[in-house]
Asks: 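Encoded as structure tokens, here's the structure I'll be asking about.
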Number of protein chains: 2
Amino acid sequence: MLLAQLQRPGASELISFLTEQLGQREALVQVAGEFEVLYSGRAASTADAGDFLLMIKGDGSLQLHSHRGVKPVNWQPQTDALDLSVEDGVAVLLSERRSPPEFVRVAFLEPVLAQSLRMQELTGFVLIGSEAEMQQSLARNPEVIEEGLTLLDREVPTGVGGIDLYARDAQGRLVVVELKRGKATQEAVHQLSRYVETVSAQVGEQVRGILAAPAVSRPALLQLERLGLEFREVSALPDSASDAPEQLPLFG
Amino acid sequence: MLLAQLQRPGASELISFLTEQLGQREALVQVAGEFEVLYSGRAASTADAGDFLLMIKGDGSLQLHSHRGVKPVNWQPQTDALDLSVEDGVAVLLSERRSPPEFVRVAFLEPVLAQSLRMQELTGFVLIGSEAEMQQSLARNPEVIEEGLTLLDREVPTGVGGIDLYARDAQGRLVVVELKRGKATQEAVHQLSRYVETVSAQVGEQVRGILAAPAVSRPALLQLERLGLEFREVSALPDSASDAPEQLPLFG
DNA sequence: GTTTCGATATCGGTT
DNA sequence: AACCGATGTCGAAAC
């Protein structure tokens, strides 16, 4: 992980540095200091001149961080063109994105630090506990949802969205299952209700609807009951994975 | 904007640095190098040891960036407790969040750089083109949606969500308006349809539903037509704000 | 604290 | 390229 760095660069010095470093695919380039930042595109934003940390990655993503929060103040998921210039003795960066048309402009009023890191690609990243994983697991073990449940299909398109799990219960009734990896809200109930209505109209028979999630909000549960739908508690993670780190093999 | 920095620190050196710097409220602290990162909480994740950039802000937010993307690989919006230690000669950071219970653990296998920046609070940030702004504007000028429209209320709770704009048309019919600041999808149509159904059942009369957005997806438009609902094109931004930066006063 | 909803959402997958 | 849905969504406002 190589590193190049400048402290308190002048305008033209900063421009040279950025021109050189931003050409490199693996570089993560940062500039910190007092900037003036503008954004215009899907929306538009301005702010007083102040302290920012600019980060540009090798894939063309750009983000400007302020003193707080995980989310950057301004950003671009993709930069298609970068323009560097000096205006009135101040280095200026203009980042352009073609689709949607968007621009971020940074005037480096007082750059304190500019640096570049070589970042190797991230490998072996694994996320446990996604809804996709939960769906796979329940597809293999539908009895976790209900004894006697037989899986018919997954991700069934209905014309108004895809049904997560489509099954038949012990009494032979059709069952539509909507999964949520987190606490289910009214929105999930609406989704389920929409699927049940659609399928019911298509097949011309009674269809059960089950919302399967680790928890439900109170309003969602009330709505479920009003609509004659059901809730089943299903945890997204295997028990061990939600333990404290001291008890986790991961952290051993 | 003060700055403290260490290059290629040893484990205990890094621990001392972090202990000192993380105590300061205004500090934005970064460590770059080869790490091993683990996360466990609502979900869980692992990855191979590799290059990361750790950023911890004064508000307790933490993020770990990889070589690409705006989104960090791992993060914590809030850190309630930080623990620093040395394990087998390697500096280790454990960040804990109480609610929901979550942990991020970073083992600094080969720290290349550690630095701290004093970041002043962001001031004067203004975002133009939010849905809230669009709603205000349309509430003042409902004729933009339709000639003869009279506003009755905004953000009306229905038991299944809030209606953006509630109005009466020239013929005296009730109108439910759903706003979207971007291209409207099937989800927006579904939301609108729910509101129209609910209001219609409550008042016992025919209710019109209008989806007002700068654009609508084709499937969403078809669905609107099937349900007897309407679409009105309404731009989120004043025309000038979506111009190219050369033409923008903002960028002059 | 819980719930809801907007977001320049981002991101990935599928059509 | 458009579209759809999940996200460890985050974040703020309303209750």
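In what follows, every heavy atom counts, from backbone to side chain, and hydrogens, waters and symmetry copies are set aside. The chains referred to below are lettered A, B, ... by the order of the sequence lines, with proteins before strands, and numbering in each begins at 1.
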Asks: Are the side chains of B:Leu165 and B:Ile145 in touch, meaning some heavy atoms are under 4.5 Å apart?
Replies: yes
Asks: Indicate whether the side chain of A:Ser235 and that of A:Arg181 have a donor and an acceptor atom separated by less than 3.5 Å.
Replies: no
Asks: Between A:His65 and B:Lys57, is there a side-chain donor-acceptor contact under 3.5 Å, judged purely by atom types and distance?
Replies: yes
Asks: Considering heavy-atom distances to DNA chain D, does A:Gly69 or B:Glu102 have its closest nucleotide positioned more toward the 5' end?
Replies: B:Glu102
Asks: So among B:Asp80, B:Thr79, B:Asn74, which one has a side-chain hydrogen bond (donor to acceptor under 3.5 Å, both in side chains) with B:Ser95?
Replies: B:Thr79
Asks: Let me know the distance between CH2 of A:Trp75 and P of C:dC11, rounded to the nearest Å.
Replies: 11 Å
Asks: Using the P atom as the reference point in each nucleotide, state the distance between C:dT8 and C:dT4 in Å, no decimals.
Replies: 22 Å
Asks: Please compare A:Val70 and B:Pro157 by the position of their nearest nucleotide in DNA chain D and report the one closer to 5'.
Replies: A:Val70
Asks: Within the 4.0 Å heavy-atom criterion, would you say A:Arg68 contacts the bases, only the backbone, or no part of the nucleic acid?
Replies: sugar-phosphate
Asks: Applying side chain to side chain donor-acceptor pair (under 3.5 Å), name anything that partners A:Arg154, two or more places apart in sequence or on another chain.
Replies: A:Gln135
Asks: So what does A:Val216 hit on the nucleic acid, given a heavy-atom distance under 4.0 Å: a base, only sugar-phosphate, or nothing?
Replies: nothing
Asks: Using heavy atoms to find the nearest nucleotide of DNA chain C for A:Glu187 and B:Leu127 separately, return the residue whose nucleotide is more 5′.
Replies: A:Glu187
Asks: Of all nucleotides in DNA chain D that come within under 4.0 Å of a heavy atom of chain B, which is furthest toward the 5' end and which toward the 3' end?
Replies: D:dC3 to D:dG11
Asks: Carefully, step by step, assess A:Leu94 and A:Phe103 under the rule side chain to side chain contact (heavy atoms under 4.5 Å, CB included).
Replies: CA-CA 7 Å; A:Leu94 180 63; A:Phe103 307 87; 4.3 Å; yes
Asks: Is A:Gln76 touching bases, backbone alone, or none of the nucleic acid, heavy atoms closer than 4.0 Å?
Replies: nothing
Asks: Categorize A:Ser130 for me: base, sugar-phosphate, or nothing, with a 4.0 angstrom heavy-atom threshold over every strand shown.
Replies: sugar-phosphate
Asks: Measuring from the side chain of A:Pro219 (C-beta onward, heavy atoms only), which nucleotide among C:dC11, C:dT3, C:dG6 has the closest atom?
Replies: C:dT3
Asks: Give the ring-plane orientation class for B:Phe52 versus B:Phe35, where under 30° counts as parallel, over 60° as perpendicular and anything between as tilted.
Replies: parallel
Asks: For B:Gly162, which contact category applies under a 4.0 Å heavy-atom criterion: base, sugar-phosphate, or nothing?
Replies: sugar-phosphate
